[in-house]
Protein chains: 2
Amino acid sequence: MADERARESVSRKIEKKPLALHARIQRDVEDRIVSGEWPPGTRIPFEHELTAEYGCSRMTVNKALSELVKKGLIERRRKSGSYVRQPEVLSAVLEIHQLEREVRALGLAYAFRILQSCRRLASDEDRQRLRLDGPAHVRHVKTLHIAGSRPFCLEDRLINLEEVPQAETADFSDAPPGSWLLEQVPWSAAEHRINACAAARAEAELLDLKEGTPCLVIARRTWNAAGSVTHVTLTYPGDMHTLVAQFGPSARLS
Amino acid sequence: MADERARESVSRKIEKKPLALHARIQRDVEDRIVSGEWPPGTRIPFEHELTAEYGCSRMTVNKALSELVKKGLIERRRKSGSYVRQPEVLSAVLEIHQLEREVRALGLAYAFRILQSCRRLASDEDRQRLRLDGPAHVRHVKTLHIAGSRPFCLEDRLINLEEVPQAETADFSDAPPGSWLLEQVPWSAAEHRINACAAARAEAELLDLKEGTPCLVIARRTWNAAGSVTHVTLTYPGDMHTLVAQFGPSARLS
DNA sequence: CAGTGGTCTAGACCACCGC
DNA sequence: CGGTGGTCTAGACCACTGA
C-alpha cells in the first residue's frame with residue numbers, strides 16, 4: 001500500500017488534470033502493455049488484486065479494465081483472468097497491411113519475393129522516414145508481393161535495428177518482413193500517409209506496368225513507447241487495389 | 001418467397017443476447033439520435049429522468065451515457081444537461097471532407113465553383129452509386145474546389161432527393177454542397193473507397209493537369225437510418241493531397 | 001445558490017467455466 | 001465446486017456552472 005496520489009504531476013503534459021482514479025488505473029495498465037512490460041498473452045492482475053493495490057472498490061477497477069477491453073488491448077475470461085491481446089496493427093476502420101490475407105481474400109494464390117535486403121547506417125533519408133534524430137543502424141528490405149501470377153504490391157521497408165535488433169539476422173524466407181515484424185513487436189501505434197503517384201521506371205518494371213501508370217502509395221510509420229520501429233511504403237497499381245474505410249455512430253447498416 | 005419466414009429469422013439478429021440494461025439504454029438513446037428523432041442540439045433526458053424511466057440506479061444510466069460521450073454522439077454539461085452533438089462526418093482517424101478547412105489549413109484562400117447542377121430520375125449508374133433498389137430522384141452537382149489560384153479538388157456529388165428533399169431547390173452559392181449537407185442531415189454513417197487513377201481528359205482540363213496524371217480518388221457513400229443520403233467522388237491531383245490516418249493504443253506519441 | 005454530471009463505495013447476485 | 005468477471009444498487013461527496 002505505498003502512497004499513490006503523490007507520484008503524478010512530473011512527466012506528463014502541461015495539462016493539469018488530477019486524473020480520475022479509474023483513468024489512472026487504466027493508464028498504468030495501458031502503459032505496461034504498450035511498453036512491452038506485459039507482452040501479449042500476459043495475465044494481468046485480477047480485479048481484486050488491483051482493488052487492493054489501489055485501495056479502491058471493485059467497480060473502479062472494473063471500469064478501467066472494461067475500457068481497455070473496448071480499446072481492444074485486453075480480453076477477459078471468467079474464472080481465468082484478464083489477458084493482454086495480440087495487437088492487430090490493422091485497425092478495423094482501414095483494412096490494409098495483411099498482404100497475404102488481402103490477396104487470399106481475392107481468391108488468388110499468394111507469394112512474395114525478396115528483391116533486395118541490406119543493413120546499413122541510416123542515411124539522411126532513412127532517418128527522415130523513421131523520424132530519427134541520432135545515428136542508427138537500419139535494415140532495408142524490398143519485397144514484391146504476388147497475387148496469382150501477377151505482381152500485386154511493391155514493399156519498401158526500413159526497420160530500426162536499435163529497436164528490433166533481431167531483425168539484423170532474420171531471413172525472410174518463411175514470412176515476409178511485415179508478418180515477421182508483427183510477431184516481434186509489442187503494441188505499437190502507426191500513422192499512414194496515402195497518395196497517388198506515377199510509377200517510376202524501376203517500379204513500373206517490377207510491377208509489370210507502363211511507366212507513369214498511376215499507383216496508390218501507402219506509407220506507414222510504426223512506433224512504440226521506445227521509439228520508431230519501422231517505415232514501409234506500399235505501392236499498388238491503381239487499378240488493383242481499393243482502400244476501404246467505414247465510419248459511423250454504429251455498425252448498424254450495410 | 002417460400003422461405004421468407006426463414007430468411008427473416010436469420011437476417012435479423014442471429015445472436016439472442018438479453019442485452020445488459022446499460023447497453024439497452026445506450027442503444028435506445030443512440031437510436032433516437034441516429035434516426036433524427038433527436039437532432040443535434042437536442043437536450044436528452046437528465047440522468048434522474050432516465051433513472052425513473054428504466055427503474056434503475058443512476059450508475060447504470062451514467063454508464064450508458066458515458067459511453068455515448070466516448071463515441072462522440074453526445075456532450076454533457078454540468079448543471080445544464082446532455083446534448084446531441086453536431087455530427088462530424090469526418091472521423092478523426094481519417095482527415096478528409098472538410099475541403100474548406102483543409103485548404104485553409106494549407107494557408108491558402110479557399111473558393112469553389114459549381115460546374116454543373118441538375119435534377120433527374122436516377123439512372124442505373126446513379127442507383128448503383130447510391131445503392132438504391134427502386135426508382136428515386138437525385139440531384140447531381142459537380143463542383144470545383146480551389147486553393148489559392150489553383151484547382152484543388154473535383155467533386156462529383158449525387159444527392160438522394162427521397163431522403164433530402166430540400167436539396168431539390170437548394171442553391172449552393174453560399175456553401176458548397178458538402179458543407180450544406182452537413183447541416184441538413186442527422187447522424188449518418190459513411191464508407192470510403194480510395195484508389196488511384198489517371199485523370200481523364202475532362203478532369204485533367206478542369207484540374208489544370210495533363211491527361212493521365214495520377215489522381216487520388218476518394219469515393220464516399222453516406223447513409224443514415226432511413227437510407228442512402230449521398231455519394232460523392234473527390235478527385236485530387238496526386239501531388240496535392242495526402243490522406244493521413246493514425247491508429248494506436250493511445251495518442252501517446254508524436 | 002441549487003441542479004447537474006463525475007466519481008466512488010461497499011456491498012450484492014449471477015453466469016460462466018476451469019478445476 | 002469455487003473463483004472470476006458482468007452487472008447492478010442505493011447511497012455519497014464533490015466540482016462545476018447556469019440562473
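Proteins come first, then strands; the chains are lettered A, B, ... in the order of their sequence lines, and each starts at number 1.
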Rounded to whole Å, please give me the gap between [atom1] in [X] and [atom2] in [N].
| X | N | atom1 | atom2 | answer |
| --- | --- | --- | --- | --- |
| L68(B) | dG5(C) | CG | P | 13 Å |
| E49(B) | dG3(C) | CD | P | 14 Å |
| Y83(A) | dC17(C) | OH | C1' | 12 Å |

Throw together a table of side-chain donor-acceptor distances under 3.5 angstrom for residues 167-180 of chain A, partners on residues two or more places apart or in other chains.
| residue | atom | partner | partner atom | Å |
| --- | --- | --- | --- | --- |
| D171(A) | OD2 | S173(A) | OG | 2.9 |

Does the salt bridge (Lys or Arg N to Asp or Glu O under 4.0 Å) test come out yes or no for E100(B) and R104(B), once each step is laid out?
CA-CA 6 Å; E100(B) 175 164 6; R104(B) 291 197 197 286; 2.6 Å; yes
Is it true that the NZ or CZ of R77(A) lies under 6.0 Å from the centre of Y83(A)'s six-membered ring and within 45 degrees of the ring axis?
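Cation-pi check for R77(A) and Y83(A): passes.
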From CA spacing to verdict: side-chain contact (heavy atoms from CB on, under 4.5 Å), W187(A), N224(A)
CA-CA 7 Å; W187(A) 277 90; N224(A) 60 26; over 6 Å; no
Sugar-phosphate, base or nothing in reach of L65(A), heavy atoms under 4.0 Å:
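The residue L65(A) makes no contact with any strand.
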Which is true for S82(B) with a 4.0 Å heavy-atom rule: it touches a base, it touches only sugar-phosphate, or it touches nothing?
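If one applies the 4.0 Å heavy-atom cut-off, S82(B) turns out to touch the sugar-phosphate alone, with no base involved.
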Atom pair OG1/CZ of T60(A) and R24(A) - distance to nearest 0.5 Å:
11.5 Å
Could you list where the contact with chain A starts and ends along DNA chain D, reading 5' to 3', using a 4.0 Å heavy-atom cut-off?
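First and last nucleotides in contact are dG2(D) to dT9(D).
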Evaluate salt bridge (Lys or Arg N to Asp or Glu O under 4.0 Å) for R85(B) paired with E75(B), printing each intermediate quantity in order.
CA-CA 6 Å; R85(B) 293 217 322 179; E75(B) 62 186 346; 5.0 Å; no
Closest-nucleotide 5' rank along DNA chain D - winner of R58(A) and K79(A)
K79(A)
